[in-house]
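One structure below.
FYI, side chains are in, hydrogens and waters are out, and symmetry mates aren't considered; it's all heavy atoms of this structure.
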Amino acid sequence: MKDKRSPSQLEALWKESDMSDGHKVDAMVMIMRTNGCCWVRNGGCTMCGYREASLSHVTEDDLLKQLEEALSRYKGEPFVKIYTSGSFLDDNEVPRSVRAKIFEAFSGCERILFESRPEFITPDTLADVPKTATIALGLESSDPEVLERSVHKGFTPDDIQRAGTLIKEHGLMVRTYLLLKPPFMTESMSIEDAVRSARFADPFSDEISVNPLNVQRGTYVERLWKRGEFRSPWIWSLIEVFRQLSGTVHSRLMSSPSGGGAARGVHNCGECDRRALDAVERFSFTQDSADLEVECGCWSQWRAYLESERMLGTPADLDRDFENELILRM
Ligand code: SF4
Ligand SMILES: [Zn+2]
């Protein structure tokens, strides 16, 4: 089917709150349509649906029109986040001359943020980047096996460590993304993995954003999920990761889960999801572990879930297996 999306229009733009220099500020988020992540040609990552947000043959002119669109909706927010469907520092996605124009357009901002795979982070590409920039790195996990087999990331934790250290040496900030519950992991394995990964990332990070896996359309993870072989993580697991890390790392801990509370996203019993997600949001700003206090009867169900998975040694969706079993018996 012919893609009707225009290459000269932004994929999305919205406003939200984030932190800059220790205080809560308004932020503008723009998602640019580009030629897409270079890694998609190699199959991409198992949970990534970003290929849906990218096109082929996006020209420099198209990108500049997207910038114009963003500027027409810009209301002087101190923080601007510029996401592409891959790496902002990849010339094939955003040519250097376009990057320079974007940097210039937002030169009055307190803070800008963009993402990049580590292979595009070099002294040469960093030379053009303004000192107000934070570069987001998708480490996902510090376990090389998890990165290779479960995420299919195409780089190693050491590559991210090298890139993060180089960014810091250039006086810029690093936001590291971790993936909570990559496929083939039980809930408790994923909690341990996220905690270990945060400790690995802490020395070269200013912020660590824990992203619970959200099942996106057209991905390998979606196939597992449809077959009942994957359950998105519990919000309790996310809270547990923060509880274990709180006060033991210098980086700001944060999470703004996409699809939270839905079957495809991080969720609890349904009754407490909003309260639990609000607690995570509060903690992301205050860093006060008291903000993580939430009560619900499903907490013990979550504990039992961890235990059953451990005993059965399977990451399959046990709730769903149980429901299917009931359906079969009916
Ligand atoms: S997660 Fe990032 S690196 Fe992986 S395919 Fe998606 S955009 Fe590319
Ligand atoms: Zn609950």
> Stepwise, does the side-chain hydrogen bond (donor to acceptor under 3.5 Å, both in side chains) test hold for Ser251 with Glu207?
Replying inline: CA-CA 5 Å; Ser251 307; Glu207 296 167 319; over 6 Å; no

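- Between Asp18 and Lys81, at least one side-chain nitrogen of the basic residue sits less than 4.0 Å from a carboxylate oxygen of the acidic one, meeting the salt-bridge criterion.
- Note that CD1 of Ile191 and CH2 of Trp234 are 11.5 Å apart. Values are rounded to the nearest 0.5 Å.
- Taken from OG in Ser255 to CD in Glu281, the straight-line distance is 10.0 Å, to the nearest 0.5 Å.
- For the pair Lys65 and Glu69, the salt-bridge criterion is not met [side-chain N within less than 4.0 Å of a carboxylate O].
- For the 3.5 Å distance criterion, the side chains of Asn35 and His57 fail to qualify, holding no donor opposite an acceptor.
- In the model, Trp299 has no side-chain atom that pairs as donor or acceptor with a side-chain atom of Gln301 under 3.5 Å.
- Side-chain polar atoms of Ser209 and Arg252 form no donor-acceptor pair below 3.5 angstrom.
- Rounded to the nearest 0.5 Å, atoms CG (Asp143) and CD (Glu192) are 11.5 Å apart.
- Contact between Ala263 and Trp225 at its shortest, heavy atoms only, is O-NE1, 3.8 Å.
- In summary, the side chains of Thr176 and Ser205 do present a donor paired with an acceptor at a separation below 3.5 Å, with no hydrogens or angles considered.
- Residues Glu187 and Ser237 have side chains that bring a donor and an acceptor to within less than 3.5 angstrom of each other.
- Taking 4.5 Å as the limit, every side-chain heavy atom of Phe88 sits out of range of all side-chain heavy atoms of Ser116.
- Side-chain contact between His23 and Glu110 is present, with heavy atoms from C-beta onward closer than 4.5 Å.
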Under 3.5 Å, sequence neighbours excluded: what are the donor-acceptor pairs made by side chains of residues 164-174?
from	atom 1	to	atom 2	distance (Å)
Thr165	OG1	Gln161	O	2.6
Lys168	NZ	Asp206	OD1	2.9
Lys168	NZ	Asp206	OD2	2.8
His170	ND1	Leu166	O	3.1

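- Shown here for Leu147 and Ser141, the closest heavy-atom pair between the two residues is CG-O, 3.5 Å.
- Between the side chain of Asp273 and the backbone N or O of Asn268 there is at least one donor-acceptor pair closer than 3.5 Å.
- The aromatic rings of Tyr74 and Phe106 sit perpendicular to each other, their planes meeting at more than 60°, with 30° as the lower class boundary.
- Here the options are Glu119, Glu145, Glu140, the test is salt bridge (Lys or Arg N to Asp or Glu O under 4.0 Å), and the partner is Lys153; only Glu140 passes.
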> Hey, mind stepping through Thr186 and Arg310 against side chain to side chain contact (heavy atoms under 4.5 Å, CB included) and telling me if it holds?
Replying inline: CA-CA 7 Å; Thr186 62; Arg310 238 193 304 261; 5.9 Å; no

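- Side-chain contact check for Phe230 versus Lys181: some heavy-atom pair is nearer than 4.5 Å.
- Counting only heavy atoms from C-beta outward, the side chains of Phe114 and Val94 never approach each other to under 4.5 Å.
- Of the N and O atoms on the side chains of Ser190 and Asp193, not one donor lies less than 3.5 Å from an acceptor on the other residue.
- Checked options Thr125, Asp128, Asp91; the residue passing with Arg99 is Asp91 (criterion: side-chain hydrogen bond (donor to acceptor under 3.5 Å, both in side chains)).
- By the 4.5 Å heavy-atom criterion applied to side chains, Glu93 and Ser87 are counted as neighbours.
- Here the side chains of Ile135 and Leu113 are not in contact, with every heavy-atom distance at 4.5 Å or above.
- Both Val294 and Leu292 are assigned to one and the same hydrophobic cluster, defined by single-linkage of ILVMFWY side chains at heavy-atom distances under 4.5 Å.
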> Does the side chain to side chain contact (heavy atoms under 4.5 Å, CB included) test come out yes or no for Arg117 and Asp90, once each step is laid out?
Replying inline: CA-CA 8 Å; Arg117 284 178 62 91; Asp90 176 358; over 6 Å; no

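- The number of heavy atoms from other shown groups lying within 6.0 Å of CZ (Arg149) does not exceed 12.
- No donor-acceptor contact under 3.5 angstrom links the side chains of Ser232 and Arg264, judged on distance only.
- Judged by distance alone, the side chains of Gln287 and Ser246 never bring a donor and an acceptor atom under 3.5 Å apart.
- Looking at Arg274 and Asp278, a side-chain N of the basic residue comes within less than 4.0 Å of a carboxylate O on the acidic one, giving a salt bridge.
- Inter-residue side-chain proximity for Pro144 and Pro157 is flagged as met; some heavy-atom pair is nearer than 4.5 Å.
- Residue Gln244 comes nearest to Arg199 through the heavy atom pair O-NH2, 3.5 Å, listed as atom of the first residue, atom of the second, then distance.
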> Could you walk me through whether Thr134 and Arg111 pass the side-chain hydrogen bond (donor to acceptor under 3.5 Å, both in side chains) check?
Replying inline: CA-CA 7 Å; Thr134 298; Arg111 187 178 185 197; 3.1 Å; yes

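- In this structure, Leu63 and Val58 have side chains that are in contact, with non-hydrogen atoms separated by less than 4.5 Å.
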